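These notes concern the structure reproduced below.
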Amino acid sequence: MSDDETDWGASLSELSAVGHAPLIPPPPSGLPRVIIHIDLDCFYAQVEMVRQPALRSQPMGVRQKQMVITTNYTARARGIPKSGSVQALTQAYPELILVNGEDLYEYRRFSQRIFEVVSSMTFAHAVERLGMDENFIDVTPWVHAHLSAPAEIDPSPVQGHVFQAASWDKSDPVHRCLALGSVLAQRIRTRIREELGLTSAAGIAVNKTLAKLVGGCHKPDDQTLLLPDQTLALLQTLPSPRSIPGIGSATHASLLELGIDTLADLQAAQVSNLAEMFDRETAERLIQLSQGIDPSPVKTSGRPQSIGLEDRFKVITTRDESKTKLKWLWGRLAQLIYEDGRIPRVIRVTARDQIKERAQGRRWLKESRQTQIAGHILTGLKTNPDLPQREESQVVDICLSLLDKMVNHSAPYQLTLLGIGVSDFPPETANTIQNYFVAGAKETRNEKRQPKRSHAAMTPPNEEAMCQPTPDIDEAIRPCSKKVKPAPLAIPVCDVSDIPHDWDPEVWANLPMDIRTELLASQPIQSRTNVKPLNKKTKSIASYFQKKS
DNA sequence: GTGGATGAG
DNA sequence: CATTCTCATCCAC
């Protein structure tokens, strides 16, 4: 037990990745990983403020049905909570302006653009999305490359806060690594603000869990660095094991059953203590997480594996109402599939039946049914956001037949949720580098489409019949619902110092992200700072856009 | 492959 | 506590 109280146990395990060989990427010569976690401040509210700048000075929140899911910092400065029920908040704070955020369309777009900005600045490094507004970035290679610059010339000042700064040692190479990470984090956040007008918070640490946790120390619009030797100090500030990302309500409940109430209890636990409720691997992971040890790699997020829409409502009791709702959902989903550009092979319908829930004594009971969908039905979405009439009714009929598997229309039921989702996209073979450079092959690439129209103005069908209409509070300040489209995002030019010197930055900047990633991935890391001969594989492609000198 | 459980924001 | 509207992962079947 005494070894758990020394505060360098965690950092040691991080430094030498022994014991986690299968999970960890090859450890960079004794130095720690450097992970940045970027978290947008009250994301939905910020997006709405960008779309409507007049909202900036107002206490404002974003509403979905009867829930206020986030408020802006103007509201929070007045003591308004981050979230709550519409009822409670509007009663206590009549000045609070609410914007409807049930349609995630714009948030999705901003989220994609944030990912693009981050990816464009971090080159071939892994960027992993978490939800709409968070990104993990493994910047270890960049840090490594810049660490080799003479330390005396570049003392690499820290950007932002250092958690418990007293133990800062500028000559410690581990501290220097993290300091470099903080410099990059600051640049990334600045770029997100410049390009998109959004502020964010960041955490810099040796793994994902710690980066995320420490990033919460200074919000909004600021960043915090965690030194490995302050890991336990940070963890001691957490009120409960539930505060650890990865320990959700179910795991927390299981821990409580085992008599593990506090984080200290979990830190001191043995795998054998947890064996009743968890398998060995999970038990080990939970104990490690409680000690700030997290070997999980930052995974590169690709395109989504599924796209879905759900709508909750007061109640639906007939097949006809369901059909109307499904038609409306499908119309919106078709637009999203069109913009994605890939044709899914599976379609899924989700439903929630209050009567079934009560019968089974459950608080929530979501059911879903899925089926393969014949290729020819959806191919129209490759070129058009709307399907031909025939195909559209085929899709709606398929959805209804899936619904029929869940609800018995000859017995009473009360649906309170319907959703449609698609998945099983064919693997993307069109994005290979060969394909891109083959003459005339450009059109075969799976380019992301420009959105044609916004669905923000679309309202659910028969909404008045199916649910109590909620007064549009935001209409009060937005009498003319002017569609504010965010300016198209130009992929920013990289820092010249960060790409090989003989590559033309302008050409580089105009290359699609996947091509850049492929090129840099094939590029030895040292060549970003030192000139090295191109290897054979890269040469032929790289020569296409080398500076003509 | 299907559908539910869990966890994330 | 879940509320809302998602998306990913894991796992029994």
Side-chain angles (χ1 to χ4, degrees), chain A residues 37-47 61-70 81-89 98-108 110-112 114-115 128-136 200-201 208-209 212 215-216 242-254 278-279 281-282 285-286 289 296 299-313 329 332-333 336 340 345-352 357 360 362-372 402 405-406 416-425 460 467 470:
Chain A
H37 176 254
I38 305 264
D39 184 355
L40 275 288
D41 306 320
C42 55
F43 177 56
Y44 288 10
Q46 276 208 87
V47 169
V62 176
R63 164 175 65 81
Q64 285 170 340
K65 300 286 152 60
Q66 292 313 303
M67 180 74 189
V68 176
I69 52 165
T70 188
K82 286 197 263 275
S83 62
S85 78
V86 171
Q87 258 260 314
L89 290 189
L98 292 181
V99 174
N100 182 60
E102 288 162 20
D103 188 335
L104 306 189
Y105 186 83
E106 292 295 331
Y107 311 138
R108 258 191 249 256
F110 272 82
S111 175
Q112 285 163 5
I114 292 162
F115 183 78
E128 178 181 345
R129 304 182 40 157
L130 183 60
M132 293 242 196
D133 71 327
E134 297 187 20
N135 285 285
F136 289 103
S200 55
K208 292 203 288 183
T209 297
K212 183 173 158 80
R242 185 66 236 269
S243 318
I244 301 270
I247 300 183
S249 55
T251 305
H252 186 46
S254 300
F278 303 98
D279 62 42
E281 269 191 23
T282 307
R285 212 194 63 238
L286 291 174
L289 280 178
S296 66
K299 284 173 255 169
T300 306
S301 294
R303 315 235 260 148
Q305 297 166 29
S306 67
I307 304 176
L309 292 176
E310 284 180 355
D311 190 30
R312 265 160 240 234
F313 33 80
L329 282 166
R332 290 206 304 154
L333 186 58
L336 294 177
D340 182 275
R345 297 187 287 217
V346 165
I347 187 161
R348 182 181 63 251
V349 170
T350 306
R352 203 179 144 175
E357 271 173 12
Q360 302 195 17
R362 307 267 230 101
R363 277 196 73 77
W364 48 262
L365 178 61
K366 248 208 271 190
E367 292 180 280
S368 68
R369 295 292 183 272
Q370 69 180 52
T371 187
Q372 311 247 17
L402 289 170
K405 294 184 178 185
M406 295 182 276
T416 57
L417 175 147
L418 278 175
I420 311 180
V422 293
S423 57
D424 194 18
F425 299 100
C467 311
T470 337

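The basis for the numbers below is simple: all heavy atoms, side chains too, and nothing from hydrogens, waters or symmetry mates. On a predicted model such as this, the values are computed, not experimentally measured, just so you know. Letters A, B, ... mirror the listed sequences (proteins, then strands); counts begin at 1.
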Original post:
Heavy atoms under 4.0 Å, any strand shown: does A/G246 hit a base, just sugar-phosphate, or nothing?
Top reply: sugar-phosphate
Subject >> Salt-bridge present (A/D39, A/K212; N to O < 4.0 Å) >> reply: no
Subject >> Value in whole Å for how far the P atom of B/dG7 lies from NE2 of A/H252 >> reply: 11 Å
Subject >> Salt bridge present between A/R352 and A/E357 (N-O < 4.0 angstrom) >> reply: yes
Subject >> Presence of A/R369 side-chain N/O under 4.0 Å of B/dG4 phosphate oxygens OP1/OP2 >> reply: yes
Original post:
According to the interplanar angle, ranging from 0 to 90°, do the rings of A/Y44 and A/Y107 count as parallel (below 30°), tilted (30 to 60°) or perpendicular (above 60°)?
Top reply: parallel
Original post:
Roughly, in whole Å, what's the span from CZ in A/F313 to C1' in C/dT3?
Top reply: 16 Å
**OP:** State which residue, out of A/I420, A/L333, A/V422, fulfils the side chain to side chain contact (heavy atoms under 4.5 Å, CB included) condition with A/L309.
**Re:** A/L333
Subject >> N/O (side chain, A/R242) to phosphate O (OP1/OP2, B/dA8) under 4.0 Å >> reply: yes
**OP:** Check for a donor-acceptor pair, side chain of A/E310 on one end and backbone N or O of A/G419 on the other, with a separation under 3.5 Å.
**Re:** no
Original post:
Atom CZ of A/R63 and atom P of C/dT4: how far apart are they, to the nearest Å?
Top reply: 12 Å
Subject >> Touch class at under 4.0 angstrom, heavy-atom based, for A/R352 against every strand present >> reply: sugar-phosphate
Original post:
So which heavy atom on A/K65 is nearest to which on A/V86, and how close?
Top reply: O-CG2, 3.7 Å
**OP:** Take the protein atom CD of A/Q370 and the nucleotide atom P of B/dG4, then report the distance between them rounded to whole Å.
**Re:** 10 Å
Subject >> Spacing between A/N100 atom CG and C/dT4 atom C1', to the nearest angstrom >> reply: 11 Å
Original post:
Hey, is the side chain of A/T251 poking within less than 4.0 Å of OP1 or OP2 on B/dG7, counting only N and O atoms?
Top reply: yes
Original post:
Could you run down nucleotides 5-13 of chain C 5' to 3' and tag each one B, S or - for protein heavy-atom contact under 4.0 Å?
Top reply: BBSSS----
**OP:** Would you classify A/S249 as touching base, sugar-phosphate or nothing, given that sugar-phosphate means primed atoms plus P, OP1 and OP2, and contacts are heavy atoms under 4.0 Å?
**Re:** sugar-phosphate
**OP:** May I have the distance from A/W364 (atom CH2) to B/dG4 (atom P), rounded to whole angstrom?
**Re:** 10 Å
**OP:** Grab the CG-P distance between A/N135 and B/dA8 for me, whole Å please.
**Re:** 17 Å
**OP:** Could you please name the option among B/dT2, B/dG7, B/dG9 that lies closest to any side-chain atom of A/A250?
**Re:** B/dG7
Original post:
Using the P atom in both, what is the distance from B/dT6 to C/dC1, to the nearest Å?
Top reply: 15 Å
**OP:** For A/I420 and B/dG3, give me the distance from atom CD1 to atom P, rounded to whole Å.
**Re:** 16 Å
**OP:** Please determine if a side-chain N or O atom of A/S368 lies less than 4.0 Å away from the OP1 or OP2 oxygen of B/dG4.
**Re:** yes
Original post:
Side-chain donor-acceptor pair under 3.5 Å between A/S296 and A/R285, yes or no?
Top reply: no
